[in-house]
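If you're wondering where the values come from, they're calculated on a predicted model, not measured in any experiment. First listed ligand is number 1; within each ligand, the first listed atom is number 1.
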Amino acid sequence: MSAINSDSSVSDLVLYQSETCWFCGRVRQALAEMHVELAFRDIDHDLHFRQELASGGGKTQVPCLRIQHPDQRVEWLYESADIIAYLAARFTPRPA
Ligand SMILES: N[C@@H](CCC(=O)N[C@@H](CS)C(=O)NCC(=O)O)C(=O)O
């Protein structure tokens, strides 16, 4: 298998999550399977992260993936299934 996470721009992604949230665990598991490492912000342990999520994304539901696009636009992607689909489309190797 080729290097999965050869994308050097993973710093454009931040996962707002909670250790106790089952849906967040699904996303963390998918990240581990794809060998993708990105920053986690635990909203249960840091009120500042919770406030960031609320003001940026509009609600405190986790998981939420913050995506910084190349044009500086920021997208707040909720729903574990949608986050996993985004990650899979970006990081799963395609057949040559
Ligand atoms: N359908 C959502 C469910 C996410 C969800 O229910 N998250 C809970 C934690 S396990 C939550 O953030 N609840 C608090 C809130 O919505 O503000 C998903 O698949 O991501």
- Item | First-shell residues of ligand 1 [heavy atom, distance under 4.0 Å] | C21, F23, T60, Q61, V62, P63, E79, S80

- Item | Any pair counted as salt bridge (Lys or Arg N to Asp or Glu O under 4.0 Å), so long as it reaches residues 51-62, sequence neighbours left out | R41-E52

- Query: Mind checking who shares a hydrophobic cluster with F23, ILVMFWY linked at side-chain heavy-atom distances under 4.5 Å?
  - Reply: W22

- Query: Any sub-3.5 Å donor-acceptor pair from W76's side-chain atoms to R66's backbone N or O?
  - Reply: no

- Please answer whether the main-chain N or O of S55 pairs with a side-chain N or O of Q51 as donor and acceptor at a distance below 3.5 Å. no

- Query: Any side-chain heavy atom of L38 sitting closer than 4.5 Å to one from V14?
  - Reply: no

- Residues in salt bridge (charged side-chain N to carboxylate O under 4.0 Å, His left out) with D82, at least two apart? none

